[in-house]
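Worksheet: the structure to be examined is printed underneath.
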Amino acid sequence: MERIDNLDRKILEIIMKNARIPSKDVASECGVSRAAIHQRIQRMIDLDVITGSGYHVNPKILGYSTCTYVGVRLEKGSMYRQAVASLERIPEVVECHFTTGPYTLLIKLYARDNQHLMELLNDKIQHIEGVMSTETLISLDQSINREVPIHYGEWDK
């Protein structure tokens, strides 16, 4: 894999704070041309350093007031692909991780309220083939939400 240099890191640091910042402003802050910024960003997209772009939506504004993490235990770890396929059909599930530890899967979902959460758990998630048990952790508040930090220099040694 090609290396990411300090200019790439500076560009990432800027666009991670504001993905809508004009390229000319990024170029000005980095001391390079707009074309160089476009080329660097495209290269980082091609290298899968940048994996997406878009808008973040506030679930609470859309009526989803309950953020929940659910630990899912499967009969066998090898059933995770089937379980993930079933979970993908539940729109309220926004993340799913195949994990080590007490759970086979750790999922994050949003529900409108506790009644909706109970319906998701009892009528959908716990009916997925192979699900032995679930443990529910309701998030009371999200205290930190950020991207991985960008370091300069130490990775180029």
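We're numbering straight along the sequence, starting at 1. Every value quoted in this text rests on a predicted model; they were computed, and no experiment measured them.
When only modelled atom types and interatomic distance are considered, Glu135 and Tyr103 share a side-chain donor-acceptor pair under 3.5 Å.
Each of Ile41, Asn18, Ile21, Val32 was scored for a side-chain contact (heavy atoms from CB on, under 4.5 Å) with Val26, with one residue passing: Ile21.
Here the straight-line distance linking atom OG1 of Thr104 with atom CE of Met79 works out to 10.0 Å at 0.5 Å rounding. Once rounded to the nearest 0.5 Å, the distance linking CD of Glu147 with NZ of Lys17 reads 13.0 Å. To the nearest 0.5 Å, atom CG of residue Leu121 and atom CG of residue Asn114 are 10.0 Å apart. Note that the CD atom of Gln82 and the CG atom of Leu87 stand 11.5 Å from one another [nearest 0.5 Å]. Rounding to the nearest 0.5 angstrom, the gap separating the CD atom in Gln39 from the CG atom in Asp46 is 11.5 Å. Residue Leu12 holds its CG atom at 10.5 Å from CZ of Arg40, rounded to the nearest 0.5 Å.
Taking each heavy atom of Leu105 and Cys96 in turn, the nearest pair found is CD2-SG, 4.0 Å. For the residue pair Cys30 and Ile14, the shortest heavy atom distance occurs at SG-CD1, 3.8 Å. The two atoms that bring Ser65 and Arg112 nearest to each other are OG-O, 2.7 Å, heavy atoms only.
A heavy-atom distance below 4.5 Å is not found between the side chains of Glu88 and Val93. Between Lys108 and Cys67, some side-chain heavy-atom pair lies under the 4.5 Å cut-off. Looking at heavy atoms from C-beta onward, Ile11 lies in side-chain contact with Met44 at the 4.5 angstrom threshold. No side-chain heavy atom of Ile45 sits under 4.5 Å from any side-chain heavy atom of Ser53.
Hydrophobic clustering of Ile, Leu, Val, Met, Phe, Trp and Tyr side chains at less than 4.5 Å, counting indirect connections, keeps Leu137 apart from Leu140. Cluster membership for Leu47 and Ile15, using ILVMFWY side-chain heavy atoms within less than 4.5 angstrom, is shared.
Between the side chain of Thr68 and the backbone N or O of Ile138, no donor-acceptor pair lies under 3.5 Å. Between the side chain of His127 and the backbone N or O of Asn122 there is at least one donor-acceptor pair closer than 3.5 Å. Side-chain N or O atoms of Arg9 include one that pairs as donor or acceptor with a backbone N or O of Ile4 at under 3.5 Å. At distances below 3.5 Å, at least one donor-acceptor pair connects side-chain atoms of Arg73 with backbone N or O atoms of Pro102. Counting only distance, with no hydrogens or angles, the side chain of Thr134 and the backbone of Val72 share no donor-acceptor pair below 3.5 Å.
Residue Glu95 qualifies as enclosed at atom CD: its count of foreign heavy atoms under 6.0 Å is above 12.
A salt bridge does not link Asp25 to Arg34: none of the charged side-chain nitrogens sits closer than 4.0 Å to a carboxylate oxygen. Looking at Arg43 and Asp8, a side-chain N of the basic residue comes within less than 4.0 Å of a carboxylate O on the acidic one, giving a salt bridge.
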> Going through the distances and angles, do Glu92 and His116 end up as a side chain to side chain contact (heavy atoms under 4.5 Å, CB included)?
Replying inline: CA-CA 10 Å; Glu92 294 87 352; His116 184 214; 3.2 Å; yes

> What's the verdict on side chain to side chain contact (heavy atoms under 4.5 Å, CB included) for His97 and Tyr69, showing C-alpha distance, side-chain angles and the deciding distance?
Replying inline: CA-CA 11 Å; His97 303 267; Tyr69 294 87; over 6 Å; no

> His38 and Ser23: side chain to side chain contact (heavy atoms under 4.5 Å, CB included), yes or no, with the steps?
Replying inline: CA-CA 7 Å; His38 284 289; Ser23 295; 3.4 Å; yes

> Where do Ile90 and Leu109 land on the side chain to side chain contact (heavy atoms under 4.5 Å, CB included) test, with the steps shown first?
Replying inline: CA-CA 9 Å; Ile90 303 171; Leu109 63 82; over 6 Å; no

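Note: Phe98 and Tyr80 have parallel aromatic rings, judged against thresholds of 30 and 60 degrees for the angle between ring planes.
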